[in-house]
Number of protein chains: 2
Amino acid sequence: MARVGIREVAAYAGVSMGTVSHFLNHPDRVSAQKADRIQQAIDQLGFVRNNAARQLRLGHSTTIAYIAPDVSNPFFSTLAEGAEERAAEAGYSVFLANSKGERHREDSYLALFQEYGVRGLLVGSPLPIEDRLQAIRRHGTPSVLVGRRAGSELQPSVSIDDVLGGRLAAEHLIKTGRRRIAFVGGPISVQQVSDRLQGASVAVRESGTATLEVIDVGTRLIATGHEVGAAIAARPRTARPTAIFTANDLIAIGLAQTLSTSGIDIGADIAIVGYDNIEYAENAIVPLSSIRPPHEEFGRAAIDLLLETIDSDGPLAEPHRVFAPELVIRASSAKSRTRRRS
Amino acid sequence: MARVGIREVAAYAGVSMGTVSHFLNHPDRVSAQKADRIQQAIDQLGFVRNNAARQLRLGHSTTIAYIAPDVSNPFFSTLAEGAEERAAEAGYSVFLANSKGERHREDSYLALFQEYGVRGLLVGSPLPIEDRLQAIRRHGTPSVLVGRRAGSELQPSVSIDDVLGGRLAAEHLIKTGRRRIAFVGGPISVQQVSDRLQGASVAVRESGTATLEVIDVGTRLIATGHEVGAAIAARPRTARPTAIFTANDLIAIGLAQTLSTSGIDIGADIAIVGYDNIEYAENAIVPLSSIRPPHEEFGRAAIDLLLETIDSDGPLAEPHRVFAPELVIRASSAKSRTRRRS
DNA sequence: TTGAAAGCGCTAACAG
DNA sequence: CTGTTAGCGCTTTCAA
């Protein structure tokens, strides 16, 4: 099949190339009659517009790229959906890329999308990346850092208030009568982990009566929860915490499984609150209380911020959007300890 | 910052545009001295090559797009990783897009990527899509259907032998002494579900002694497993199956949870085998036996097939790659029933 | 409302 | 080994 461009369409429809282009970009400025003929030619010939040429001529594309560290994380996909929706409303498309949190992959996608001339970038990364984004911004490609508050006022970001999340979890546990609280998570060097711990810590301190034991772990997987659970179950009953707040739901799920198996009544003997509110939390043997980040708005906000940045030339008045998570109470922490004693 | 193209680089380095272009595309054909100067100019100026112009000139891009119905499905991300690896080896980049299995989103991405002139497409879809891919192929963009065997010899595809998967599961259950087997899954109209059932069915028939009860359900979620589990637990002991094979791991996990709670010993009283071997399967209270599709090779195979298609003009000799899944035995089905009786 | 023509930045063919 | 140059397909003045 011979390649068909607007030249072929024009010839077939008996008009000039300019008119076809007009039809494509300002349909209202073409007479109905010719519009018809052109549309027919397009259908007939199966014309597909060449984006490279269009973009070259226009000087910019109408695409936004989202580079994420972990595409399989539901956090990401929910976010991406919100972003795509909002982007579509504004006439943009979104391409996804998976960096796996690896620096060289981030770099190569960053470079690739720059070459592609994307209009802007959404970037999530566990790595230090602000300086790289700054360099790219200098070259005319704006970006929004996703998932972490940026340090610079020049670097827009959307993030979640993890300190608040930690506080909500701990306050809930304290309010329902738990005193000996444990935090399971790590490494503390990860910002999100330390924020969550900090929030919990503040709530415990403010309570005046509760205590916080920090169990620092190197990973945040279900298996991690299994290990910690076994260690806790092995303690004498009085040395066990009465409530556990974990850095994420996976640890919490592992913990609940092992503790249950050891005959501990989750929700009564030991309450558990996780973090992230993953789908599985709701469906665990004992449905898991969790901290829910507002993912839907998140993606939309990221695009909004990016669009603002594209439209303005100076720095934004409010470059950092911080969202409040909320507590979802389920069976793993629902029973109040005081009620149970009565 | 003024936009810098190869013209600026050339001026800065004191060479011609052509030499810069050569340096970029055939570095070996440029003297070391000028190469140095050019590299310096590029770094100094922060030159980023304009892909639109390059692509326009070249007539094709060096990008492959992967349109997937569910980006958050680990199946997808594992596959994508394999694909990206293989693509990178061959000098291609991979863009991802999330169709959510919705027709209009598929269509718009299909059109978008065509306009972008991607070199080829990987497409996963729960919908009938072969005719659309055919139309696109006619216009010069080849594709590989992922996850399902294509009907046409002109449409390359990579898929998994689900009939074999079902057979492996059932044979294993029969071999370990189970006779009353149940299949939980649905809707049967979904190819993958009916294939898995069919495989199990054949194995049961061949055994001569086992029986197969089909429990047709409308969804395949953990909650589905909860429901079916409750129904089974409510039966008199003798009317319960001694083994259950499920259409996916989620159902199996729900099933195991509810049956356990009802005092049924998973693996002894009732064996369970799931499908997909998701991460949770390994970490469930009772680790779940499952059928593992070979995801890693899958992504690589898809790209290989696509590259072959790009390089050849006629139809491929072997357009359909079908992979064999394997059985992973864990505690949920490990104990042999005969051994237990002795 | 329509047509003619310039040129976006780059690559490769060709000449030197 | 290096420079010159002709377009790739499209959009958009500008003129009619």
Side-chain angles (χ1 to χ4, degrees), chain A residues 1-39 41-42 45-63 91 112 114-119 139-140, chain B residues 1-39 41-42 45-63 91 112 114-119 139-140:
Chain A
M1 161 163 284
R3 103 156 104 304
V4 8
I6 79 172
R7 191 189 334 279
E8 284 69 34
V9 172
Y12 190 98
V15 300
S16 77
M17 280 174 55
T19 305
V20 175
S21 180
H22 272 139
F23 171 77
L24 257 19
N25 301 294
H26 314 278
D28 42 313
R29 289 184 205 159
V30 175
S31 73
Q33 195 216 42
K34 302 219 164 178
D36 255 20
R37 290 228 305 276
I38 294 173
Q39 182 60 58
I42 288 176
L45 267 25
F47 166 71
V48 175
R49 149 161 89 186
N50 179 325
N51 178 75
R54 174 187 169 81
Q55 188 172 321
L56 175 58
R57 178 64 234 229
L58 254 31
H60 64 254
S61 83
T62 177
T63 301
L112 186 70
Q114 251 192 301
E115 290 187 5
Y116 264 79
V118 298
R119 201 58 181 283
H139 284 297
Chain B
M1 163 160 288
R3 107 155 100 304
V4 7
I6 79 172
R7 194 191 329 283
E8 284 68 34
V9 173
Y12 190 98
V15 300
S16 79
M17 280 173 58
T19 305
V20 176
S21 179
H22 271 141
F23 171 76
L24 257 19
N25 301 293
H26 313 279
D28 44 312
R29 289 184 206 160
V30 173
S31 73
Q33 196 216 43
K34 301 220 163 174
D36 255 20
R37 290 229 304 277
I38 294 173
Q39 184 58 60
I42 288 176
L45 266 27
F47 166 73
V48 174
R49 144 163 92 188
N50 179 324
N51 179 73
R54 174 188 169 81
Q55 187 171 324
L56 175 57
R57 178 63 233 229
L58 253 31
H60 64 253
S61 82
T62 178
T63 300
L112 186 70
Q114 250 192 302
E115 290 187 5
Y116 264 79
V118 297
R119 200 58 180 283
H139 285 296

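What's counted below: heavy atoms across the whole structure, side chains too, no hydrogens, waters or symmetry copies. Predicted, not measured: the structure shown is a model, and the values here were computed from it.
- Residue-to-nucleotide proximity on DNA chain D shows that, of B:Arg29 and B:Leu58, the 5′-proximal contact is made by B:Arg29.
- Two residues are said to be in side-chain contact when any heavy atoms from C-beta on lie closer than 4.5 Å; B:Ile42 and B:Phe23 meet this criterion.
- OP1 or OP2 of C:dA12 lies within a sub-4.0 Å distance of a side-chain N or O belonging to B:His26.
- With rounding to the nearest 0.5 angstrom, the NE2 atom of A:His22 is 10.0 Å from the CG atom of A:Asp28.
- Taking the side chain as every heavy atom from C-beta outward, A:Arg37 and A:Val30 never approach each other to under 4.5 Å.
- A:Thr63 is not listed as a side-chain neighbour of A:Tyr116, based on a closest heavy-atom distance of 4.5 Å or more.
- The distance from atom CG of B:Asn51 to atom P of C:dC8 is 18 Å, rounded to the nearest whole Å.
- Between B:Gln55 atom CD and C:dA12 atom P there is a gap of 13 Å when expressed in whole angstrom units.
- Remark: P of C:dT1 and CG of A:Asp36 are 15 Å apart, rounded to the nearest angstrom.
- As judged by a 4.0 angstrom heavy-atom cut-off over every strand, B:Ile6 is placed among the base-contacting residues.
- Residue-level contact check: B:Gly59 touches neither bases nor backbone, having no heavy atom under 4.0 Å from any strand.
- Atom NE2 of B:His22 is separated from atom P of C:dC10 by 15 Å (rounded to the nearest Å).
- Between the side chain of B:Glu8 and the backbone N or O of B:Gly5, at least one donor-acceptor pair lies under 3.5 Å.
- B:Ser21 comes within 4.0 angstrom of a base, heavy atoms only.
- In this structure, A:Ser16 reaches the C:dG3 phosphate: one of its side-chain N or O atoms is under 4.0 Å from OP1 or OP2.
- Distance check: B:Arg54 CZ to B:Thr62 OG1 gives 7.5 Å after rounding to the nearest 0.5 Å.
- Toward the 5′ end of DNA chain C lies the nearest nucleotide of A:Ser31, the other residue of the pair B:Leu24 and A:Ser31 mapping further downstream.
- B:Phe23 comes within 4.0 angstrom of no nucleic acid atom, judged by non-hydrogen atoms across all strands.
- At the phosphate of C:dT11, OP1 or OP2 sits under 4.0 Å from a side-chain N or O atom of B:Arg54.
- In this structure, A:Asn25 places its CG atom 16 Å from P of C:dT1, rounding to the nearest Å.
- Checking side-chain atoms of B:Glu115 against main-chain N and O of B:Leu112 turns up no donor-acceptor pair under 3.5 Å.
- B:Met17 places its CE atom 12 Å from the C1' atom of C:dC8, with the value rounded to the nearest Å.
- Contacts between chain B and DNA chain D, taken as any atom within less than 4.0 angstrom of a protein heavy atom, begin and end at D:dC1 to D:dG9.
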